[in-house]
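For reference, the structure is listed below as structure tokens.
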Amino acid sequence: MLWRRAFSTAAAKRHLTAKKWDALIIGAGHNGLVASAYLARAGLSVAVLERRHVIGGAAVTEEIIPGFKFTRCSYLYGLFRPSIARELELTRHGLKLLKPLASSFTPCLDGRYLLLGLNQEQDHLEISKFSKRDADAYTSYENQLHRFQKFVDFVLDSRTPETFPWEHSSIYDGLRNKWHKSAFWARCLQQVLSLGQKDMLEFVDLLLSPTSKYLNKRFESDILKGTLAVEAIVGSMVSIHNSGSGYVLLHHVTGEVDGDRNIWSHVEGGMGSVSLAISNAAKEAGVHIVTNAEVSQVMIGDTGIVNGVCLGDGTQVHSSVVLSNATPYKTFMELVPQDFLPGDFLHAIKNSDYSSGTTKINVAVDRLPQFQCCKSSNPEVGPQHTASIRIGTESMGEIGTACQEAWNGLPSRRPVMEMTIPSSLDNTISPPGKHVVSLFTQYTPYKPSDGSWGDPKYRESYARRCFNLIDEYAPGFSSSVIGYDMLAPPDLEREIGLTGGNVFHGAMGLDSLFLMRPVKGWSGHRTPVRGLYMCGSGSHPGGGVMGAPGRNAAHVVLEDVQKRSH
């Protein structure tokens, strides 16, 4: 995909060494690109160094099978912060969103189905097919989550009130820092008060309770609970019966497109188009992006301050500011000389949770899947094809069993799948009449006890297991498969750079968020090495194609650069 490549020629690398840069960024994933754009727009000279031949990290589009363009890792747009999209003018730079006709579609083996997101009235009718009580309760449930989201928005868009040992170079800086922290907690209190005591207690209940318990208290129909519960476990090795799993449930109803809540949109050209639009904004601001430029080490001077990076071919690129968009584990256990890191910090990084239960399968098919529960022979695209299709989620019991099997070392016998068909709305990613199907499958252990992801037969067996399960709902799916690309947890680690295959750069439990991300005491993007910053999803506010970690890290860097200039 030449149109997604940046500069990877020898001339581009010579340009890297021709001067000392104001800032270097390791990794051209979406957060690294966002950070680069904000830094360059503030007047800094910035270079982005990407290990792979394409930019985008997990938000990348690649043509693996001729004629079919796969979003290899991520799959839907919704978490990206609207303020960043506006400030970087991503629409002007080529981003085109394709809203689905419905939000979710859960087919049942008994011939029924649940289709949500057409409109409020239709949602009520759909849920009433299974429970009139649940239909009445669903509206208040959604409204409550949206009230919670105002508080979550505040947290996502705020920097953490972190304190660092070298932060105060003057009395003025110290006072200003205390004022910033006081202002944050004052705004936080204001958000809490606006929720009110009842909603605040409900919010705490959501955060601390197992998702299964939280949903069981509110609904009675298995299919509605299963449809909602799957949001809590996407990308994790967590069970819906785990305490604290509710946060990710809230995290995934954050989806917002053009001001509409709980909307997850397809992107024309795949999710790589998000990264491409950000890179266009960055390059317009003067950012230099180089692919095939793997960083092998962060260079640190005798004074303990960063002075650049060394590439895999020995090329040295100099800067007094380096931002890492790699995972915290990759950054501190592999790129930074450990002599410069405190022992307790290294211990915390080494023992962070990077477990993942995700295997992503991208499939090229010769026809549109037809779900027998819809009882339609119409080959045209329907609302169900544009939605997030939930397979294996007819009850929370199925989801819990799938997780337990993976905890026991085995890929789930009946995987939980979030299936999307981006070509139902996007005619640029597949040949006419043919389609791209994305399968975000769980649960798959990193090291299964009954085989190896390095064994082609083992991989084929799991892929066929997923296809055969879809056949139960959409007969003939397996026979429609032209080819596929599969990324099991070790593949996600090796190819995309996701430690442990974790798509969030680390677990998203309550013990790994906000002031605890990536580790306690270092949540504010700065690190124990002066001049080195974290700008990826392993820093606050966490994973997903959001952009907030990159923007927030850029703001911290600009503050520090301004301090040094005075």
Side-chain angles (χ1 to χ4, degrees), residues 6-8 12-13 15-17 20-40 44-60 275 278-279 282-283 287-301 305-338 340-341 349 493-499 505-506 518 522 525-539 543 547 549-554 556-557 560:
F7 304 105
S8 58
K13 286 192 177 179
H15 183 54
L16 281 176
T17 60
K20 182 177 181 179
W21 298 83
D22 293 330
L24 297 174
I25 296 178
I26 302 172
H30 75 280
N31 277 312
L33 293 170
V34 166
S36 76
Y38 277 96
L39 293 174
L44 275 61
S45 62
V46 184
V48 180
L49 309 171
E50 170 55 42
R51 172 181 61 90
R52 299 190 70 220
H53 64 288
V54 287
I55 65 169
V60 65
S275 300
I278 303 168
S279 73
K283 286 188 282 188
V287 174
H288 186 63
I289 304 172
V290 185
T291 55
N292 294 310
E294 181 172 7
V295 172
S296 62
Q297 188 177 66
V298 175
M299 299 189 302
I300 304 171
I305 300 176
V306 159
N307 61 20
V309 301
C310 182
L311 304 185
D313 62 3
T315 301
Q316 293 188 354
V317 189
H318 294 281
S319 175
S320 56
V321 172
V322 173
L323 293 85
S324 177
N325 192 33
T327 69
Y329 187 93
K330 173 74 175 179
T331 301
F332 299 109
M333 302 304 296
E334 299 180 26
L335 299 182
V336 175
Q338 295 187 8
F340 293 96
L341 299 171
I349 291 291
E493 181 175 70
R494 183 186 63 257
E495 293 198 36
I496 310 298
L498 301 170
T499 300
H505 284 210
W522 297 98
H525 303 285
R526 298 179 181 91
T527 75
V529 178
R530 294 197 68 171
L532 176 63
Y533 302 80
M534 296 301 297
C535 69
S537 294
S539 55
R551 176 195 56 191
N552 295 350
V556 171
V557 170
D560 289 354

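Numbers here are sequence positions counted from 1. It should be emphasised that the depicted structure is a prediction, and the values quoted were computed from it without experimental measurement.
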Atom pair CG (Leu532) and CD1 (Ile305), whose distance is rounded to the nearest 0.5 Å: 12.5 Å
What closest approach, in Å, do Ala23 and Leu39 show between heavy atoms, and which atom pair accounts for it? CB-CD1, 4.0 Å
Can you name the residues that form a side chain to side chain contact (heavy atoms under 4.5 Å, CB included) with Asn307, not counting sequence neighbours? Met299
Considering all heavy atoms, the nearest Ile289-Ser279 contact: CD1-CB, 3.9 Å
Just wondering, do Val336 and Thr527 contact through their side chains at under 4.5 Å, heavy atoms? no
Applying salt bridge (Lys or Arg N to Asp or Glu O under 4.0 Å) to Glu294 and not counting sequence neighbours gives none
Over all atoms of both residues, closest heavy-atom pair of Pro337 and Gln297: CG-NE2, 3.8 Å
Measuring from Lys20:NZ to Ser45:OG, what's the distance to the nearest 0.5 Å? 10.5 Å
Arg52 vs Ile496, side chain to side chain contact (heavy atoms under 4.5 Å, CB included): CA-CA, chis, key distance, verdict: CA-CA 8 Å; Arg52 299 190 70 220; Ile496 310 298; 4.3 Å; yes
Side chain to side chain donor-acceptor pair (under 3.5 Å) partners of Glu334, counting only residues at least two apart: Lys330
Measure across Ala554 and Tyr38 and return the closest heavy-atom pair with its distance rounded to 0.1 Å. CB-CB, 3.7 Å
Under the 3.5 angstrom rule, does the side chain of Ser539 hit a backbone N or O of His525 as a donor-acceptor pair? no
Mind listing the closest non-hydrogen atom pair of Leu311 and Ser296 along with its distance? O-OG, 3.3 Å
Mind checking whether His288 and Trp21 have parallel, tilted or perpendicular rings, split at 30° and 60°? parallel
Determine whether His505 and Leu498 satisfy the following criterion, side chain to side chain contact (heavy atoms under 4.5 Å, CB included), listing intermediate values before the conclusion. CA-CA 6 Å; His505 284 210; Leu498 301 170; 3.5 Å; yes
Side-chain contact, heavy-atom cut-off 4.5 Å: Asp22 with Val46? no
With sequence neighbours excluded, residues passing ring-ring contact (aromatic ring centres under 6.0 Å, His included) with Phe332: Phe345
Would you list the pairs meeting salt bridge (charged side-chain N to carboxylate O under 4.0 Å, His left out) in which at least one residue belongs to residues 310-324, sequence neighbours left out? Lys13-Asp313
Does Ser36 have any side chain to side chain donor-acceptor pair (under 3.5 Å) partners at least two apart in sequence or in another chain, and if so, which? none
Under the rule for ring-ring contact (aromatic ring centres under 6.0 Å, His included), what residues qualify as partners of His318, not counting sequence neighbours? none
Can you list everything that forms a side chain to side chain donor-acceptor pair (under 3.5 Å) with Ser319? Sequence neighbours excluded, please. none
Holding to salt bridge (Lys or Arg N to Asp or Glu O under 4.0 Å), I want the full list of residues that pass it with Arg51, two or more places apart in sequence or in another chain. none
Partners passing side chain to side chain contact (heavy atoms under 4.5 Å, CB included) against Ser324 (at least two apart in sequence or in another chain): Ile26, Ala326, Thr331, Met534
Begin with the C-alpha distance, continue with both residues' side-chain angles, and end with the deciding distance and a verdict on side chain to side chain contact (heavy atoms under 4.5 Å, CB included) for Val54 and Thr291. CA-CA 6 Å; Val54 287; Thr291 55; over 6 Å; no
Could you check Leu24, Val309, Val322 and say which one makes a side-chain contact (heavy atoms from CB on, under 4.5 Å) with Val295? Val309
Which heavy atom in Ser275 sits nearest to a heavy atom in Ala59, and how many Å separate them? OG-O, 2.8 Å
Rounded distance (nearest 0.5 Å) linking atom CD1 of Ile278 with atom CD1 of Ile55: 8.5 Å
Output all residues satisfying side chain to side chain donor-acceptor pair (under 3.5 Å) with Thr499, sequence neighbours left out; order by chain, then residue number. Thr327
Applying salt bridge (charged side-chain N to carboxylate O under 4.0 Å, His left out), which residue pairs with at least one partner in residues 316-326 are found, sequence neighbours left out? none
